[in-house]
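All of these numbers come straight from a predicted model, not from anything done at the bench.
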Amino acid sequence: MLSSTPSPSPTNAMASGLTTFNSASQILPMKPSLFSNSKPNITIRCTTFVPSSTKKAQAIQSVDSVIQTRRTALLGLAAWTASTQLGGEPSLAEEEPNNGFWLTGPLPIPSVTNKIANEETGTRSFLKKGVYVANIGVQGSTYRLRQYAFDLLGLADLMGQDAWSYISKYLCLKTTVMYYDFDKVISAAPPDQKPALTDLANKLFNNVEKLEEAVKKQSMPETESCFAETTTLLGEVMTRMG
C-alpha cells in the first residue's frame, strides 16, 4: 500500500528560500561602505579661460584709449599755443625781436647791396630760397666764410662716388650763405679793400655756377676741371678771411 507524501505549499517554499538567503548572508562578509560619516575637506579651484577674441577686443580698447588721450593732449597744447599767440602771454618773439639766432616771424629774404650777382641774370643760379642766414655780425660772417670755404674743399672726397645729388645740394647750401656773407663783409670793408673783395667774390661765384652746371650734367671731366679752379679760389678766400 502506497503512502502519499504531501507536496510542499508555495508559502512553505518561499519561507524556505528566505531562510537559505539569511544563512548565506551570515556567511558572506558585508561589502564595506565607500563613504564614511566624516565630511572630507575638498577644495575646488575654477580656472576661467578668456577667449582669444575677448583678448583682442581688450587690446583694441586699450590702444584706442591711448590714442584718444594723446589726441586730447595735442589738442590742448594747440589751443594753448593759439591763445598765447593771439593775445595771451607774450611770446618769446615779442620779448626778443631780432635776436639774430632764431626766427621771430616770417622767413626774411636777405638783400644784397654790392655788385656780386651775375650781370646777365641779376642773381646767382646756386642761390636757394628758404635758407635762414643768421645775422652774426661782420666778424661772424668773416669766420663763417673761412669755415665754409674749408668745408667745400671736402667735396673732393665725393668725386667719382656717384653722389651727384649730394654734391649739388651741399654746394648750393654753402655758397648761398657765403653769397650773403660776402656782401656783408664787402659793405663793412674799408673803401680801398672793397674792389679786391668784390672781384674775389665774383670770381668764386662765377666758377661755382660753372661747377653747378657740370654737376647737373653729371660730367666727371668737366666737374673735376671746374672743381680744380674752385679749390684755388677757396684757398684765396680762406687766406683773405684768415
Report the C-alpha separation of M241 and L197 in whole Å, then their side-chain angles, then the decisive distance to 0.1 Å, and conclude whether the side chain to side chain contact (heavy atoms under 4.5 Å, CB included) test is met. CA-CA 10 Å; M241 301 299 166; L197 289 173; 4.0 Å; yes

Begin from the C-alpha positions of K128 and L173 and carry the test side chain to side chain contact (heavy atoms under 4.5 Å, CB included) through to its verdict. CA-CA 7 Å; K128 295 299 180 182; L173 176 62; over 6 Å; no

Side chain to side chain contact (heavy atoms under 4.5 Å, CB included) for M178 and L152? Distances and angles first, verdict last. CA-CA 11 Å; M178 293 179 70; L152 287 175; 3.8 Å; yes

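Side-chain atoms of E209 come within 3.5 Å of backbone atoms of S125 as a donor-acceptor pair (strictly under, hydrogens ignored). Using modelled atom types, one side-chain atom of T176 and one backbone atom of C172 make a donor-acceptor pair closer than 3.5 Å. Here the side chain of N202 pairs a donor or acceptor atom with the backbone of T198 at under 3.5 angstrom. No side-chain donor-acceptor contact under 3.5 Å links D183 to the backbone of V112. Although no hydrogens or angles enter the test, the distance criterion places no donor-acceptor pair under 3.5 Å between the side chain of S168 and the main chain of W164. Judged by distance alone, with hydrogens and angles left aside, the side-chain atoms of R146 form no donor-acceptor pair with the main-chain N or O of M238 at under 3.5 Å.
Between I186 atom CD1 and S141 atom OG the span is 11.5 Å, to the nearest 0.5 Å. Between atom CG of residue D157 and atom CG of residue L153 there is a gap of 10.0 Å, rounded to the nearest 0.5 Å. With rounding to the nearest 0.5 angstrom, the CG atom of L211 is 7.5 Å from the CG atom of L155. Distance OG1/T121 to CZ/R124: 7.0 Å, rounded to 0.5 Å. A distance of 7.0 Å separates CG of L204 from OG1 of T230, quoted to the nearest 0.5 Å. Here the CD1-CD distance, from I167 to Q218, works out to 9.5 Å after rounding to the nearest 0.5 Å.
A salt bridge does not link R240 to E236: none of the charged nitrogens lies less than 4.0 Å from a carboxylate oxygen.
No side-chain heavy atom of T142 sits under 4.5 Å from any side-chain heavy atom of K184. With contacts defined as side-chain heavy-atom distances shorter than 4.5 Å, the pair F227/V215 does not qualify. For the pair V208 and K174, the minimum side-chain heavy-atom distance is 4.5 Å or more. Annotation: side chain of E229 is not in contact with side chain of C226 (no heavy-atom distance under 4.5 Å). You'll find the side chain of V237 reaches within 4.5 Å of the side chain of F182, heavy atoms only.
Remark: Y170 OH is packed, more than 12 non-hydrogen atoms of other residues, nucleotides or ligands lying under 6.0 Å away. Atom NZ of K194 has more than 12 neighbouring heavy atoms from other residues, nucleotides or ligands inside a 6.0 Å radius.
The aromatic rings of F126 and F205 lie tilted to each other, with the angle between the two planes from 30° to 60°.
No continuous path of ILVMFWY side-chain contacts below 4.5 Å connects Y179 to V138, so the two sit in separate hydrophobic clusters. Criterion: ILVMFWY side-chain heavy atoms under 4.5 Å apart, direct or through other members. Under it, Y148 and Y132 are not part of a common hydrophobic cluster. At a threshold of 4.5 Å between side-chain heavy atoms, the hydrophobic network of Ile, Leu, Val, Met, Phe, Trp and Tyr places V133 and L127 in one connected group.
Side-chain contact, N118 with T123: no donor N or O sits under 3.5 Å from an acceptor N or O.
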